[in-house]
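One structure is given below, encoded as structure tokens.
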Amino acid sequence: MTVEMTVREALNRALDEELARDPSVFLLGEDIADPFGGSWKVTKGLSDKHGIARVRNTPISESAIVGAAVGAALAGMRPVAEIMYIDFLALCADGIVNQAAKFRYMSGGQVSVPVVFRTQGGSGRSTAAQHGQSFESWFTHVPGLIVVMPSTPSDAYGLLKSAIRDDNPVLFIESKMCYAQKGPVPRAETAVPLGLADIKRRGRDVTIVAIGAMVAEALAAATELADDGIEAEVIDPRTLVPLDKVRILESVSRTSRAVIVHEATKRSGWGAEMAALIAEEAFHDLDGPVVRVAGANTPIPASPMLEALHRPNAARIAAAVRRLLA
Amino acid sequence: MTVEMTVREALNRALDEELARDPSVFLLGEDIADPFGGSWKVTKGLSDKHGIARVRNTPISESAIVGAAVGAALAGMRPVAEIMYIDFLALCADGIVNQAAKFRYMSGGQVSVPVVFRTQGGSGRSTAAQHGQSFESWFTHVPGLIVVMPSTPSDAYGLLKSAIRDDNPVLFIESKMCYAQKGPVPRAETAVPLGLADIKRRGRDVTIVAIGAMVAEALAAATELADDGIEAEVIDPRTLVPLDKVRILESVSRTSRAVIVHEATKRSGWGAEMAALIAEEAFHDLDGPVVRVAGANTPIPASPMLEALHRPNAARIAAAVRRLLA
Amino acid sequence: MPLPNDALLEMYRRMTRIRQFENTCHELYQRGQIEGVLHLSIGQEAVSVGACYGLTADDYITSTHRGHNDIIAKGADLTRMMDELFMKETGYCRAKGGSMHIADFTLGILGANGIVGAGIPIATGAALAIKLRGERRVAVCFFGDGAVNQGFFHEGLNLASVWRLPVVFVCHNNAWAESTAQAATHAVADVAERAKAYGMPGVSVDAIDVTAVHEACAAAIARAREGDGPSLINCKTYRWYGHHVGDADQPYRSKEELAATRARDCIVHHRERLMRSGVADARLLETIDRDVAGEITAAVEHAKAAPPPSADSMYEDIFVGIDVREGGAS
Amino acid sequence: MPLPNDALLEMYRRMTRIRQFENTCHELYQRGQIEGVLHLSIGQEAVSVGACYGLTADDYITSTHRGHNDIIAKGADLTRMMDELFMKETGYCRAKGGSMHIADFTLGILGANGIVGAGIPIATGAALAIKLRGERRVAVCFFGDGAVNQGFFHEGLNLASVWRLPVVFVCHNNAWAESTAQAATHAVADVAERAKAYGMPGVSVDAIDVTAVHEACAAAIARAREGDGPSLINCKTYRWYGHHVGDADQPYRSKEELAATRARDCIVHHRERLMRSGVADARLLETIDRDVAGEITAAVEHAKAAPPPSADSMYEDIFVGIDVREGGAS
Ligand SMILES: Cc1ncc(C[n+]2csc(CCOP(=O)(O)OP(=O)(O)O)c2C)c(N)n1
Ligand SMILES: Cc1ncc(C[n+]2csc(CCOP(=O)(O)OP(=O)(O)O)c2C)c(N)n1
Ligand SMILES: [Mg+2]
Ligand SMILES: [Mg+2]
């Protein structure tokens with residue numbers, strides 16, 4: 001039994017259920033309380049329901065938001081902190097990178113840090129260079145941090161629940177272009193386990209690994225390619241750390257070809273790690289180069305026309321696959 | 001004509017000469033002034049010589065240091081800001097990532113931002129998880145930023161001079177384990193151009209691409225391998241952005257095998273981009289997987305014994321090459 | 001020292017220019033003719049104009065996401081602004097910046113900025129440049145009341161004070177930060193109080209009165225030019241519309257509050273003073289209004305007809321002397 | 001309310017414990033028996049002990065790179081500390097943290113911290129946890145005077161005040177930040193002044209006197225427990241040695257300054273008071289000194305004999321429930 005909802009609604013439901021389930025869960029962030037309900041409306045209705053003590057508006061003080069979330073987690077709570085744009089992590093990454101991700105290690109395993117940092121990234125809304133970036137690769141470079149990046153309503157719902165319940169610090173990256181996307185979500189309460197990739201479409205000719213808003217583009221490309229008789233497998237890792245390497249490499253071993261897609265700038269994006277992993281551990285399975293289709297190596301331009309050139313899309317993905325198979 | 005000096009002395013000389021040459025150059029950072037001369041002693045003697053107006057101690061306010069450097073550059077100066085440890089960029093990256101790297105683009109080319117951010121990274125001194133990281137890959141993911149990482153005294157000298165003279169924002173990453181390293185530096189004033197890789201050793205069997213403190217380890221590995229008749233070519237890109245892709249891929253096309261070495265955590269480190277680039281653009285030249293020898297996917301442990309396990313070294317590099325050629 | 005009549009009239013003209021520009025943007029957005037993020041500054045004109053009046057192109061300003069007002073007050077070209085909002089090649093940023101990143105480096109406008117508070121250390125750095133060169137320029141740093149709680153504010157004001165830099169920190173205190181009322185996030189009620197923590201003068205002004213803003217800012221600017229260091233000016237104003245144009249219903253504040261503050265219109269206030277004191281009659285002011293309307297109409301016409309950016313321009317303006325198209329990933 | 005004799009003696013014991021621990025570390029370092037970074041807290045004992053006296057294991061503290069003092073004052077086990085400094089498996093952090101990261105979560109010690117100022121929002125968050133659970137615990141946040149200029153300080157104190165959190169901010173004001181004198185970086189001379197910008201009480205104490213520190217902190221702690229919000233206590237003290245053990249010559253400050261402040265020794269001061277007031281005679285104090293010396297010697301002996309970490313332990317303690325050795329890069 002499923003129910004149709006948007007990614008935004010699915011995230012809202014997960015937060016609502018976890019707030020109801022566990023009194024140690026609380027939310028903090030800028031403008032998340034009602035009646036505004038968050039810049040992205042993900043937290044809509046939650047402070048009205050659970051109270052403003054547990055759904056807290058903060059000052060514009062990202063370092064304090066992140067740091068206080070870490071402190072509350074060290075003191076036994078399960079904070080979910082919202083940072084409005086992933087771009088702003090450039091000014092408050094310390095609490096995530098140097099504190100949350102390392103406390104367990106630095107203390108010799110004395111403590112766990114059950115905090116979730118929710119944020120959103122990606123271009124596509126003409127928000128220009130400081131409000132459309134995708135920094136997931138930065139955080140996959142930080143040992144001790146779980147990095148989640150869902151693409152569908154049911155994954156968004158089930159992974160956010162798992163993230164909140166997990167004892168480790170989790171960076172939960174939403175995609176601004178996914179919020180309005182609709183899809184089925186189980187009616188019953190369920191959690192999607194962290195660390196499992198999902199094969200969104202089966203195919204034998206090429207493995208497309210896509211994340212976030214690019215999963216839908218990859219699926220659209222696969223549909224287009226199917227018309228030409230090319231059967232693309234589309235895999236969404238869903239959690240970038242820990243990565244379901246086994247499932248991904250198994251797919252590549254079947255298809256012998258890999259294309260990786262993300263909207264982040266190509267250079268040193270997450271696709272670099274994915275490609276390097278394939279080139280290192282599945283080299284002998286490969287029949288051709290590991291191809292990356294990614295955001296341009298330029299800042300994100302404001303103009304919607306230029307921005308569309310910056311972002312990968314189904315057509316560019318399909319073209320890359322055709323070139324690879326040619 | 002060369003003169004023998006340490007990396008530390010070479011950097012000091014470059015700063016001294018550039019301060020003398022151009023009145024718009026000035027330095028700012030924590031504890032850089034005399035008589036202390038910087039936590040790493042790179043700026044020793046410079047405030048005594050050039051005055052404390054141009055070699056300025058700052059409060060412990062990394063965001064203001066970085067932001068003020070950007071502002072001064074926008075207003076026509078050539079600031080060189082020191083951030084004591086690259087780990088601290090987690091709390092002040094905004095000025096680098098969202099401002100310096102993007103101002104030219106966001107303003108449609110109206111302005112250039114001639115600022116240098118000097119910092120140092122790397123493990124090896126038992127400084128533990130918050131003082132031994134290597135974040136170069138983060139910054140290579142930021143379009144608009146030049147990223148320099150020298151390994152020898154003459155490169156440190158010549159590249160720092162170029163960085164200061166360049167009109168673009170430059171992140172100049174020193175390696176703590178290189179400061180005391182000695183080598184010849186041209187007696188005459190010279191600048192090493194940005195964007196050129198240097199082949200530190202010629203070889204035909206394998207291309208080892210190494211950066212920072214790992215260049216010396218790679219060279220030691222090459223010496224060791226030569227005893228077994230394995231001729232390794234060792235390339236130091238020196239600038240990670242812009243990258244001298246041509247020279248590196250040309251080498252791989254000759255050797256058919258690539259090993260990439262850095263001390264940063266392996267996952268999503270700079271080696272991921274280098275490996276992905278090779279797997280994408282030189283796939284057909286390859287006779288085997290692209291191998292990365294890098295820091296462990298763990299925070300950096302304090303214990304020198306454990307830290308030594310975390311860091312790559314000549315033995316591990318040589319072993320990886322042998323496995324690759326086996 | 002009372003301001004001369006032409007100054008008072010020029011202030012009226014500039015405030016009107018901002019108001020009309022913003023009203024026009026609002027309409028264009030509602031009609032779908034411009035896109036992207038748009039934070040209207042209507043209601044806050046007196047802050048920008050009072051602070052910038054008397055500055056020259058040699059002086060610097062930094063502004064914010066809500067920056068059209070400051071930028072126009074500093075003399076920016078309306079046509080290039082409008083071209084940018086229409087995302088045209090001829091815009092200030094060649095269609096790559098948009099509303100939040102308009103800048104004019106020939107006029108000392110070091111940019112609007114999308115990162116709340118980021119302009120504070122930047123203005124501080126510009127002031128450092130001034131001081132290092134021994135110039136008499138000044139940097140005026142605009143920011144919102146929400147930015148006061150950012151680390152940037154603290155670090156920037158402390159640094160400016162310690163180094164006695166020629167910078168004036170001007171807070172557009174419009175009582176709200178997005179959906180959040182100031183009282184919920186500020187530990188002290190008066191933003192000017194914060195100045196004490198940095199050993200600099202702090203003054204609060206009712207920004208209904210452009211001349212009061214100007215007086216406070218001009219004194220601080222003169223002080224800065226004399227080498228006596230920075231000041232903080234807290235300009236009490238109000239945001240008339242939603243946080244951005246997409247935030248139309250503003251469920252977080254009451255219609256009464258909105259109506260009450262809109263009744264305190266800085267332009268109406270100035271207009272009435274001009275008439276009351278005989279500096280201008282209704283006809284003169286209407287002429288100004290019409291002139292300004294003409295400027296805006298011309299800007300819109302220009303923008304509509306202007307060419308879009310070329311696809312290639314995405315790759316331009318990244319580095320000086322490095323072509324990023326060459327060399328792929330490098 | 002004068003402190004009972006046993007409290008005064010216990011304070012003496014704790015200050016002595018810190019002093020002897022640190023002196024021992026210094027020697028061990030000089031003899032090459034311990035490595036890594038080591039920031040000695042000698043001279044600052046009264047701050048830690050005055051603030052922590054009366055706290056229980058339920059209360060939280062955060063500390064800094066110079067944290068042995070605070071951690072010992074909060075009751076940490078000297079053996080596990082020394083084991084850690086010797087980089088042994090039995091150390092507090094299993095040899096993975098070292099001096100800058102010692103923590104004991106069973107005692108509410110949320111860790112020393114290598115990032116200047118980072119403990120401030122962390123303590124604020126711990127206080128938020130207390131408030132959300134409706135407990136009477138308190139969080140005491142230690143930081144240096146250098147940290148006062150960090151954005152963390154500003155954001156943390158503002159947030160704590162706005163939310164009326166049970167946290168006490170205690171500044172180890174030792175006049176120096178690494179090689180930089182306070183006057184060169186602080187816009188106002190008195191750190192306690194900064195409290196006004198956050199609407200919280202700010203008090204300065206001469207930290208030569210452990211009871212004065214205690215009185216000020218205890219009042220602030222009581223206030224916090226009552227739900228009346230945070231306070232800032234500026235404890236004026238002095239760093240007796242270099243920034244860290246590698247900074248032996250300290251060329252940036254004069255021998256006279258050093259000698260003058262060392263003459264104001266908080267332990268000597270307390271010792272003299274105890275004797276003058278008849279609370280203790282020299283014999284009793286010597287017994288305490290000897291007891292403490294015995295504890296330290298035992299700790300060193302234990303540390304020397306303790307086992308080193310296993311190579312495998314590098315991969316442990318990263319995640320709960322995820323083995324990073326499995327799956328290579330994942
Ligand atoms: C670092 C950062 N945090 C948050 C935001 C999102 N944001 C944009 S404007 C704004 C409110 C700013 O309030 P204020 O400074 O008072 O300026 P105003 O909008 O009232 O002009 C917020 C939270 C941002 N752009 N940058
Ligand atoms: C964010 C950050 N910036 C800089 C440093 C380097 N550093 C370590 S301690 C220190 C001085 C701190 O001064 P203060 O806060 O007064 O503490 P004290 O050393 O006097 O105890 C500096 C600059 C750091 N560890 N973290
Ligand atoms: Mg505001
Ligand atoms: Mg200090």
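Each chain gets a letter, A, B and so on, in the order the sequences are listed, and its residues count up from 1.
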* CG of B:Asp167 to CD1 of C:Ile322: how many Å apart, nearest 0.5 Å? -> 10.5 Å
* Structure fact -> Pair count under 4.5 Å, heavy atoms only, with chain C: among B:Met106, B:Glu280, B:Arg54, B:Met77, highest is B:Met106
* How about residues 19-29 of chain B versus chain C: which residues have heavy atoms under 4.5 Å apart? -> B:Phe26, B:Leu28
* To do: List the atom of C:Gly156, the atom of B:Ala64, and the distance in Å for their closest heavy-atom pair.
  => N-CB, 4.3 Å
* Between B:Ile60, B:Val66, B:Leu74, which has the largest tally of heavy atom pairs under 4.5 Å with chain C? -> B:Leu74
* **Least distance between heavy atoms, C:Ala129 atom then B:Ala75 atom** => CB-CB, 3.7 Å
* Structure fact -> Cut-off 4.5 Å, heavy atoms of chain B, and the answer for C:Val320 is both
* Calculate, to the nearest 0.5 Å, the distance between atoms OH and OH belonging to C:Tyr315 and B:Tyr105 respectively. => 9.0 Å
* Structure fact -> Bottom line for C:Arg133: the part with an atom under 4.5 Å from chain B's heavy atoms is side chain
* Which heavy atom of B:Asn168 sits nearest a heavy atom of C:Phe319, and at what distance? -> OD1-CA, 3.2 Å
* Relative to chain B, which segment of C:Asp104 carries a heavy atom at a distance below 4.5 Å: side chain, backbone, both, or neither? -> both
* To do: Examine whether an atom of B:Thr140 lies under 4.5 Å from a heavy atom of chain C, and if so say whether it belongs to the side chain, the backbone or both; otherwise answer neither.
  => neither
* With rounding to the nearest 0.5 Å, note down the distance linking CD in B:Gln110 to CG in C:Asp317. => 9.5 Å
* **Nearest-0.5 Å distance, NZ of residue C:Lys96 to CZ of residue B:Arg104** => 9.0 Å
* **Contacting region of C:Ile318 [heavy-atom separation from chain B under 4.5 Å]** => both
* Least distance between heavy atoms, C:Trp163 atom then B:Asn57 atom -> CZ2-O, 3.4 Å
* Asked: Which residues, numbered in order, of residues 58-71 of chain C come under 4.5 angstrom of chain B by heavy-atom distance?
  -> C:Tyr60
* To the nearest 0.5 Å, how far apart are CG in B:Asp94 and CD1 in C:Ile115? -> 5.0 Å
* Structure fact -> Note: C:Leu159 and B:Ala68 closest approach over all heavy atoms is CD2-CB, 4.2 Å
* Sequence neighbours left out, what passes side chain to side chain contact (heavy atoms under 4.5 Å, CB included) with C:Lys196? Give chain and number order. => C:Glu193
* Name the option with the most non-hydrogen atom pairs under 4.5 Å to chain C; the candidates are B:Thr58, B:Val246, B:Asp166, B:Ile146. => B:Ile146
* Out of curiosity, B:Cys92 SG to C:Phe152 CZ, how far, rounded to the nearest 0.5 Å? -> 9.5 Å
* **chain C contact via B:Glu62 - side chain, backbone, both or neither, heavy atoms under 4.5 Å** => backbone
* What residues of residues 75-94 of chain C sit under 4.5 Å from chain B when you count only heavy atoms? -> C:Tyr92, C:Cys93, C:Arg94
